[in-house]
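One structure below.
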Amino acid sequence: MTQLLEIAVVIPTFNEKANVPTLVAKLDQALAGRRWEAIFVDDDSPDGTAEAARELGRIDARVRVIHRIGRRGLSSACIEGMCATAAPVVAVIDGDLQHDETLLPKMLDLLQRDPDLDVVVGSRFVDGGGTGEWDRDRVAKSAFATKLSRKVLKGDLSDPMSGFFAIRTVHARRLAPELSAIGFKILLDLMTASDVPLRFAELPYTFRVRTEGESKLDHVVAMEYLIALYDRMFGRFVPVRFAMFSGIGVLGVGVHMGVLGLAMLAGAAFLLAQILGALAAMTFNFALNNALTYRDRRLKGFRQLLDGWVSFCVVCSVGLVANVGIAAFVHDFRDGGAAASALIGILVGAVWNYALSSKFVWG
Ligand code: GDD
Ligand code: MN
């Protein structure tokens, strides 16, 4: 008699080599008697996590590895793992043993028994769950992030920031194209992507202390969370990238003014000071856009940076001409007020700079 695969457990990993064998042993115990597979999705960890997982895969075909090169990201790793299984249910669990794997068979039971259920979430915030030995700082940050998530979440999921859940694979596959794949918040992303809300149940668990390796949750991840929230709320109207590009542009105006003022204080003529200010602002904007707005297509190395900087300056200079030209046109021939004409010029310049930078500088 053939036995059907019941559940795939997706494990995103980055530098978790020391945790791999323990986790697989724990899965083997927790899911005894069930038909399961484990899918490690590793982003080419320098510590050799992928190879450690492949080693286990050679003696146990239930252990599979997706080894991604040149890419990083918890959410995108989870999405790729979830789409890579034939099992009807897929769970996501951290690779560092902080999640309670003994919940997995219970999650599976709930989904198998109740056809009306789409997702089962491991929650730290229902009765019987907890955040374990977190310091006050982390508790406060987590509470703040959870509170923010309420802005995009319909329904009263207690722990939308949980990275531990099981979902019917059909839903994961159906929603995958809608996911922003930015940052850590894969569950929140799934729960807010669906037009018809996913029906969920929650099971309590206590977040364990990490004993091997270290957390990858840093400031960049926190920023990515804010970006993902923005994307869900306003992304349809003003794309994230354009918002970041424009925000950085506004900062650039400050840099321009600062350098202009300093140069004039130092005795430079206005024209020279103005040129220095513009160059400083463009360089500042180029660096910030390279680090943030286009971080997924970041230019690296002297040659790339130099080429990118030159094209960016050219694009922005033409943008400035367009800006001034349009503003003058609106002001002189359409009787626009000075402020309104200037704003229209700025908007046209911003869209121009953004569109051409996306294509020619970071294309
Ligand atoms: N493939 C891949 N790529 N895996 C990653 C990456 C990445 O860029 N970054 C982190 N991981 C893996 C880690 O190796 C680990 O297995 C898991 O994702 C969780 O990462 P941690 O760095 O340990 O995160 P954490 O413990 O601080 O945060 C956890 O708890 C949060 C709740 O407060 C995660 O589960 C979060 O999703 C969760 O929101
Ligand atoms: Mn962790």
Side-chain angles (χ1 to χ4, degrees), residues 9-24 26-27 38-50 52-53 64-82 84 91-101 103 121-125 129-149 153 157-166 179 181-191 205-226 228-229 295-296:
V9 183
V10 169
I11 309 144
T13 54
F14 193 76
N15 286 345
E16 304 289 359
K17 183 178 180 187
N19 291 312
V20 168
T22 322
L23 180 60
V24 171
K26 282 178 179 268
L27 289 178
I39 305 176
F40 285 88
V41 188
D42 184 71
D43 289 350
D44 202 21
S45 302
D47 77 347
T49 305
R64 299 173 47 200
V65 182
I66 298 178
H67 187 150
R68 308 200 300 173
I69 312 278
R71 277 191 289 158
R72 268 302 298 276
L74 178 51
S75 269
S76 67
C78 294
I79 295 168
E80 227 167 293
M82 291 192 297
V92 172
I93 191 169
D94 283 355
D96 56 3
L97 310 172
Q98 293 197 271
H99 292 158
D100 183 356
E101 71 291 333
L103 239 54
V121 177
S123 169
R124 298 158 294 175
F125 304 126
T131 46
E133 293 174 30
W134 276 11
D135 56 30
R136 284 174 63 181
D137 187 48
R138 175 87 198 241
V139 171
K141 282 180 185 153
S142 167
F144 179 64
T146 305
K147 201 173 146 196
L148 276 183
S149 75
L153 200 63
L157 186 59
S158 75
D159 195 357
M161 320 308 278
S162 178
F164 183 31
F165 61 91
L179 305 178
I182 306 171
F184 266 41
K185 299 307 158 203
I186 175 68
L187 177 65
L188 181 63
D189 215 4
L190 279 166
M191 297 302 282
Y205 81 98
T206 301
F207 206 75
R208 296 190 195 129
V209 178
R210 188 193 254 276
T211 55
E212 301 288 338
E214 53 194 41
S215 170
K216 283 95 207 168
L217 209 167
D218 55 13
H219 292 103
V220 176
V221 171
M223 190 193 78
E224 285 175 334
Y225 174 57
L226 297 179
L229 279 185
R295 64 195 181 292
D296 53 332

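In listed order, ligands and their atoms are each counted from 1. Here the structure is a predicted model, which is why all the values come from computation and not from measurement.
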* In Asp96, what N, O or S atom is nearest to the Mn ion (ligand 2), if we give its atom name? -> OD2

* Matching residue for Leu157 among Leu188, Thr146, Val121 - test: side-chain contact (heavy atoms from CB on, under 4.5 Å) -> Val121

Kindly print each ligand 1 N/O atom paired with any protein N/O atom under 3.5 angstrom away, one pair per line, or none if nothing qualifies.
unit_1, atom_1, unit_2, atom_2, d
ligand 1, 1 (N), Thr13, O, 3.1
ligand 1, 1 (N), Val41, O, 3.0
ligand 1, 1 (N), Asp43, OD2, 3.3
ligand 1, 3 (N), Asp43, OD2, 2.7
ligand 1, 4 (N), Thr13, N, 3.3
ligand 1, 4 (N), Thr13, O, 3.4
ligand 1, 8 (O), Arg72, NE, 2.7
ligand 1, 8 (O), Arg72, NH2, 3.2
ligand 1, 8 (O), Gly73, N, 2.9
ligand 1, 14 (O), Phe14, N, 2.9
ligand 1, 14 (O), Phe14, O, 3.4
ligand 1, 14 (O), Glu16, OE2, 2.6
ligand 1, 16 (O), Pro12, O, 2.9
ligand 1, 16 (O), Gly95, N, 2.8
ligand 1, 22 (O), Ser215, OG, 3.4
ligand 1, 22 (O), Lys216, N, 2.4
ligand 1, 23 (O), Asp96, OD2, 2.7
ligand 1, 23 (O), Arg210, NH2, 2.8
ligand 1, 26 (O), Gln98, OE1, 2.9
ligand 1, 27 (O), Arg138, NH1, 3.4
ligand 1, 27 (O), Ser215, OG, 2.7
ligand 1, 33 (O), Arg124, NH1, 2.9
ligand 1, 33 (O), Arg138, NH2, 2.9
ligand 1, 35 (O), Asp94, OD1, 3.2
ligand 1, 35 (O), Asp94, OD2, 2.6
ligand 1, 39 (O), Met161, O, 2.5
ligand 1, 39 (O), Lys185, NZ, 2.5

* Flag for Thr13-Thr49: side-chain donor and acceptor within less than 3.5 Å -> no

* **Distance (rounded to the nearest 0.5 Å) between Lys185 NZ and Glu224 CD** => 11.0 Å

* **Interatomic distance, His67 atom NE2 to Asp44 atom CG [nearest 0.5 angstrom]** => 3.5 Å

* Can you tell me how far NZ of Lys141 sits from CG of Leu217, rounded to the nearest 0.5 angstrom? -> 9.0 Å

* Asked: Taking 2.8 Å as the cut-off, does an N/O/S atom of Gln98 lie below it from the Mn ion (ligand 2)?
  -> yes

* Looking only at side chains, do Ser76 and Arg68 share a donor and an acceptor under 3.5 Å apart? -> yes

* To do: Could you label the plane-to-plane angle of the His99 and Phe207 rings as parallel, tilted or perpendicular, counting under 30° as parallel and over 60° as perpendicular?
  => perpendicular

